[in-house]
Each structure stands twice: as C-alpha cells, then as structure tokens.
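Below is one structure, written out as structure tokens; comments come after it.
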Amino acid sequence: MGKTALVQRIFPDYTYVTLDIPAIASQAENHPQAFLESHPQPLIIDEVQYAPSIFRYLKVLIDQDKTPGNFILTGSQNFQLMQGVSESMAGRCGILNMQNLSYREIQESVGVSEDNYLITGGFPELYAAPKRDFHFWYAAYLSTYLERDVRNILNVGSLRDFDRFLRAVAIRTSQFLSYSDIARDVGISPNTAKKWISVLQASGQIILLEPYYRNLGKRLVKSPKLYLCDTGLALFLMGFENIKSVINHPIIGAIWETHVVMQVHKHFHAMGKNRPLWFWRTVHGAETDLLIEQGGRFIAIEIKFSENPDGKALKGIKALVSMYGEKSLIAGFVASRTKHVYPLSGLVRAVPGSDIDLYLSQE
C-alpha cells in the first residue's frame, strides 16, 4: 500500500531489508541475532511479521540503546504484526497505521476524476502505473494478500467459502451488519462469520460504525454499520467493470456513502486524531448518516448521491436537532455530487462529498 516507498523516502540513509524474500525471512526467524548483527542500525525491516521471533531480540537491543528511531518496522498484516508488538515491544515503539490514499491525496498528486477514483479505489500502485489494468491488479491482490495471508491466519479450509464471504461482505457495504445474514448466504456458522469479520476489520479491509447514543451502554448492544475501506475493491468484488454501470445501478447510493465515510475517516487519521465516528438512527427510522461529536455537540453529515440536494435531505439532521436541541449542532453538511457549496437551512450546507475534508477542517 506504499509503506515501503514511504519509509525509504523519509529515511534514505537507513539500512533497508525486506522479509518478503523467503530466504531472508527464514534467516531472520531462525537466526535473529545473527541477522540483526549483519544489518547495521539505523535499520528498516519491511514485512517484519514474517519473522515473529525477531521481536524478542529487538526488545533487548532497544533496552540497551533507547535512542528513538533506531528501528523502523513495517508490516502488511496488522493482526500478526500487532501480536508481536503487544507481546514484546509494549512501551518501546510508536505505531502508525497507514490508510490507502484519499481522493484529495490522489487528485492533488496525479489528478483524477471523482468517478475514476470510485471505480479504481485508493491503492497507490494503481496510480503509479496508470496503464495498469486495475481488474488484474485486484485479482492479484485478492489471491496474494486476502486469500494467502488472511485465509492462512483463519485456517480457512474452503477457498470457495471465503471468496463467497468476501463478496457477501462487499455487497453489504454501508448496511447494518448481520452475522446471521452473512452466514446464511455463505453457508457458514454465525460464529465463523463473526470471526472472519473481525480479521477483515483488524487487517484494515473494513470499518464498523457504531450507533450513537448518549447512553454509552446502548452503543454496545446495537448493530453497527459495515463499510469496505476501498470502493475500488468493493466494486471489483461485486463484479463491476466500469463506473457507468455502477452509476446506473441501485448500488451507487451505498458506494457513494462508503466513499464519503472513508474520506472523513482518512481525514481524521491523517490529522493524527483518533476521533470516533457514529451514525444516528431513531426507532421511527430517522437517520443521520455520519455524526462527529465534539464536546457534547455534533457535526452532522447526510450523504446523498445527488447533484442538487434540497430540503428533503435534511430529515435526519432535523430529527437529530429536535432530539438534542438547536445548540447541539456545530455544523451540518449534505455531502453530495454538487460542484458548488450552498446553504440549505441554518447551519446546514450542501457541499461536494469528495471534498468533505476541506469543510471539516474549517470547523
């Protein structure tokens, strides 16, 4: 996802070694002390999860010399990497989780249309080589990362079941998560579906949005909403080949919602703020798609795949204000396909959804 290029560019004077090469990984795993002695510090170790034994030896070296930054460790399997960190490196390292690129990052770097970003997604490799067939790339990504790495960790016996599971998850992006529904469609048990979902979440393939309640206990018992972290991957898993077929399909509302939610998620991540995002829904069905709480007040976001949203788009925000009071609202946005910003009501404006990060920065 670009982590290798990033660390090499930021730390050009560091020794670099990758454990993605089996022979080197074997040396690091079976002879970690000799491996570390043969690679001078400061050192970048890429794909460090392939040699879990090395963490204990790194701990010793770090305790001997506490100079920050002697080791830069990267990994593409967050669950394995974090297991090693939690067991051996607690209190000795800082952790940075990388997201794939936001629309703004790609648009300002190489220039990309909104529609092209929706169908292509945010993986850097797809823009580094513009002529690359993104369908071929996603097929390879699934077979190497998701199928090889995730399936091996889960000890999945049936490739067919796991493939059906991934596609069942993709078609549910921006929907309420139901383990029993996924289990029924795939032909697995609800407990297995829950286990597989947890690994997709830990590996950065999906995020779960919890419902907002002032009563903290209620947040823990209500169903979350599921979002794939990349619209390109979601559409590939659904079988779409071009953006025109997506725009003309009922799924476009869910894809647009996924897109906007992820731009907000990436915005706060890039700012170094681990700010929780919520959705809000009443028993009568009034819903605000995205809620950001700041000091007991809210930034509320409705998400509409429309070029000219009107007052009808404010139903959820009006219900929110009715319940919590007018002073509860810091700002409201209808994140849409509009090219221009215009007021809808009071503190609520219609804004371009792909640029939602710009407006959040102003609040």
Side-chain angles (χ1 to χ4, degrees), residues 1 3 49 74-86 95-102 121-123 138 141-142 144-156 161-183 185-186 188-212 219-238 254-255 257-270 273-279 289-292:
M1 296 186 188
K3 58 181 173 45
Q49 76 276 354
T74 77
S76 57
Q77 297 174 15
N78 188 52
F79 26 83
Q80 284 188 331
L81 181 60
M82 290 309 299
Q83 182 178 3
V85 168
S86 63
I95 299 169
L96 176 63
N97 292 317
M98 284 187 64
Q99 307 284 314
N100 57 6
L101 297 177
S102 69
F123 289 94
Y138 275 117
Y141 177 72
L142 286 174
T144 55
Y145 179 65
L146 292 182
E147 292 176 0
R148 181 196 67 190
D149 297 337
V150 178
R151 283 182 67 246
N152 286 345
I153 288 170
L154 289 170
N155 295 316
V156 177
D161 282 352
F162 193 69
D163 181 74
R164 291 173 63 188
F165 166 74
L166 291 174
R167 297 178 193 281
V169 168
I171 64 175
R172 287 170 169 80
T173 189
S174 83
Q175 295 183 20
F176 289 100
L177 173 60
S178 169
Y179 298 110
S180 59
D181 286 352
I182 294 175
D185 290 353
V186 179
I188 56 178
S189 71
N191 283 339
T192 297
K194 188 173 184 178
K195 180 181 178 182
W196 291 4
I197 284 287
S198 69
V199 171
L200 289 186
Q201 185 179 14
S203 61
Q205 304 303 320
I206 63 171
I207 64 170
L208 300 179
L209 244 59
E210 302 291 342
Y212 178 84
R219 300 180 189 179
L220 303 178
V221 298
K222 301 295 183 178
S223 296
K225 291 181 75 173
L226 179 153
Y227 294 90
L228 259 74
C229 290
D230 190 89
T231 56
L233 177 59
L235 291 171
F236 175 81
L237 287 167
M238 294 181 203
I255 291 299
E257 183 175 333
T258 299
H259 168 65
V260 173
V261 167
M262 289 312 303
Q263 301 316 299
V264 175
H265 176 75
K266 291 172 185 178
H267 165 73
F268 286 116
H269 187 272
K273 299 177 180 178
N274 187 23
R275 184 164 293 173
L277 305 178
W278 316 92
F279 71 93
D289 294 319
L290 202 52
L291 205 61
I292 304 160

Which atom pair, heavy atoms only, marks the closest approach of [X] to [Y]?
| X | Y | answer |
| --- | --- | --- |
| Ser102 | Gln263 | CB-OE1, 3.4 Å |
| Ser174 | Thr258 | CB-OG1, 4.0 Å |
| Arg172 | Asp181 | NH2-O, 3.6 Å |
| Tyr179 | Ala193 | O-CB, 3.9 Å |
| Asn100 | Gly122 | CB-O, 3.3 Å |

Checklist line | Asp185, Leu200, Thr192 screened by side chain to side chain contact (heavy atoms under 4.5 Å, CB included) with Phe165, the one that passes | finding: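 Filter result, single survivor: Leu200.
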
Checklist line | From CD1 (Ile206) to CG (Leu233), nearest 0.5 Å | finding: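 Here the rounded value is 11.5 Å.
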
Side-chain donor/acceptor of [X] to backbone N/O of [Y], under 3.5 Å:
| X | Y | result |
| --- | --- | --- |
| Thr173 | Leu228 | yes |
| Lys266 | Leu101 | yes |
| Ser198 | Lys195 | yes |

Next item on the list: For the residue pair Asp230 and Tyr141, confirm or rule out a side-chain donor-acceptor distance under 3.5 Å.
Entry: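 No, Tyr141 and Asp230 have no side-chain donor paired with an acceptor closer than 3.5 Å.
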
Next item on the list: Using a 4.5 Å cut-off on heavy atoms from C-beta on, say whether the side chain of Ile255 contacts that of Met238.
Entry: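 With C-beta onward as the side chain, the pair touches.
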
